Amino acid sequence: QVQLVESGGGLVQAGGSLSLSCAASGRTFSSYYMGWFRQAPGKEREFITTISGSGGNTYYAGSVKGRFTISRDNAKNTVYLQMNSLKPEDTAVYYCAAARHYSAYREGYDYWGQGTQVTVSS
């Protein structure tokens, strides 16, 4: 069982930056791929990025590539999402999730956090 708690959301102006954190419980954190998703009102939950257990491999959705960076610190059981050059269309609830294997799909993830709101004003 893995419990995930996101933090760091808030309100930022377009062009600004924000950093999210996701703290995980359990002693097997490094064995999980960790991903970030987001869900805007009235839209499906969207895959953003994922990182392998070692942190050596990452994958980004086209909508955030070059602007967002995922990283992890296995000693702290924490995964991060650095978001730069934010746009109003990045406004959403952001979720972190854990998966036993690589996946870019919601169905591939076994554990989810409660989400944190990110609002980008124009």
Side-chain angles (χ1 to χ4, degrees):
Q1 189 78 7
V2 177
Q3 293 184 324
L4 304 172
V5 179
E6 302 97 335
S7 62
L11 174 64
V12 64
Q13 288 189 332
S17 299
L18 207 58
S19 181
L20 305 182
S21 299
C22 174
S25 66
R27 295 178 290 178
T28 59
F29 176 72
S30 62
S31 68
Y32 287 90
Y33 277 82
M34 297 299 297
W36 285 96
F37 288 73
R38 66 186 180 187
Q39 188 166 17
K43 294 189 176 181
E44 295 291 320
R45 193 166 297 189
E46 172 192 18
F47 169 80
I48 298 173
T49 180
T50 188
I51 187 169
S52 61
S54 67
N57 293 293
T58 58
Y59 180 78
Y60 296 90
S63 58
V64 304
K65 194 171 185 178
R67 300 189 299 124
F68 290 12
T69 303
I70 189 172
S71 61
R72 67 189 296 160
D73 185 339
N74 287 340
K76 296 182 178 180
N77 278 17
T78 302
V79 62
Y80 305 96
L81 183 66
Q82 177 64 40
M83 304 183 292
N84 298 327
S85 302
L86 283 161
K87 306 174 182 180
E89 51 263 44
D90 294 318
T91 295
V93 177
Y94 283 68
Y95 298 89
C96 70
R100 296 188 181 277
H101 306 285
Y102 167 81
S103 179
Y105 299 95
R106 180 178 181 175
E107 294 75 16
Y109 288 77
D110 303 300
Y111 303 102
W112 293 84
Q114 83 288 350
T116 186
Q117 177 70 46
V118 172
T119 303
V120 184
S121 63
S122 56

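The chain is numbered in sequence order, starting from 1. As the structure is a computational prediction, the values presented were derived from the model and not from experiment.
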Next on the checklist: Assess the residue pair Met83 and Leu20 against the criterion (side chain to side chain contact (heavy atoms under 4.5 Å, CB included)); give the C-alpha distance rounded to whole Å, side-chain angles, the decisive distance to 0.1 Å, and a yes or no.
Outcome noted: CA-CA 8 Å; Met83 304 183 292; Leu20 305 182; 3.7 Å; yes

Between [X] and [Y], which heavy-atom pair has the shortest distance, and what is it?
X: Thr78; Y: Ser21; result: CG2-CB, 4.3 Å
X: Arg38; Y: Ala92; result: CB-CB, 3.8 Å
X: Arg100; Y: Tyr32; result: NH2-OH, 3.1 Å

Checklist entry - Could you walk me through whether Gln117 and Leu11 pass the side chain to side chain contact (heavy atoms under 4.5 Å, CB included) check? => result CA-CA 8 Å; Gln117 177 70 46; Leu11 174 64; over 6 Å; no

Checklist entry - When rounded to the nearest 0.5 angstrom, what distance separates SG in Cys22 from CG in Asn77? => result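 These two atoms lie 10.0 Å from each other.
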
Next on the checklist: As an exercise, state the distance from OG of Ser122 to CD of Gln13, rounded to the nearest 0.5 Å.
Outcome noted: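 Result: 9.5 Å between the selected atoms.
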
Next on the checklist: side chain to side chain contact (heavy atoms under 4.5 Å, CB included), that's the test. Do Tyr95 and Gln39 meet it? Break it down for me.
Outcome noted: CA-CA 8 Å; Tyr95 298 89; Gln39 188 166 17; 4.2 Å; yes

Checklist entry - Is it true that a side-chain atom of Glu6 and a backbone atom of Gln114 form a donor plus acceptor pair closer than 3.5 Å? => result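 Yes, because the side chain of Glu6 sits within donor-acceptor range (under 3.5 Å) of the backbone of Gln114.
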
Checklist entry - Ignoring hydrogens and geometry, is there a side-chain-to-backbone donor-acceptor pair from Asn74 to Phe29 under 3.5 Å? => result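 Absent.
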
Taking distance alone, no hydrogens or angles, what donor-acceptor pairs closer than 3.5 Å link side-chain atoms of residues 54-64 to residues at least two apart or in another chain?
from	atom 1	to	atom 2	distance (Å)
Ser54	OG	Gly56	N	3.2
Tyr60	OH	Ile70	N	2.9
Ser63	OG	Glu46	OE2	3.4

Checklist entry - Which of these passes side-chain contact (heavy atoms from CB on, under 4.5 Å) with Met34: Val2, Ile51, Thr49? => result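 Single side-chain contact (heavy atoms from CB on, under 4.5 Å) partner of Met34 among Val2, Ile51, Thr49: Ile51.
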
Next on the checklist: I'd like to check the side chain to side chain contact (heavy atoms under 4.5 Å, CB included) partners of Ser25; sequence neighbours left out, ordered by chain and number.
Outcome noted: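 For Ser25 the side chain to side chain contact (heavy atoms under 4.5 Å, CB included) partners, ignoring immediate neighbours, are Gln3.
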
For residues 104-111, run the donor-acceptor check on the side chains, cut-off 3.5 Å, and write out each pair with its distance to 0.1 Å, sequence neighbours left out.
from	atom 1	to	atom 2	distance (Å)
Tyr109	OH	Thr50	OG1	3.1
Tyr109	OH	Ser103	O	2.7

Is it the case that one hydrophobic cluster holds both [X] and [Y], taking links as side-chain heavy atoms less than 4.5 Å apart, direct or via other members?
X: Leu4; Y: Val118; result: yes
X: Ile48; Y: Tyr33; result: no
X: Val120; Y: Tyr94; result: yes
X: Val93; Y: Leu81; result: no

Item to check | Derivation of the side chain to side chain contact (heavy atoms under 4.5 Å, CB included) call for Asp90 and Arg67 | outcome: CA-CA 11 Å; Asp90 294 318; Arg67 300 189 299 124; 2.8 Å; yes

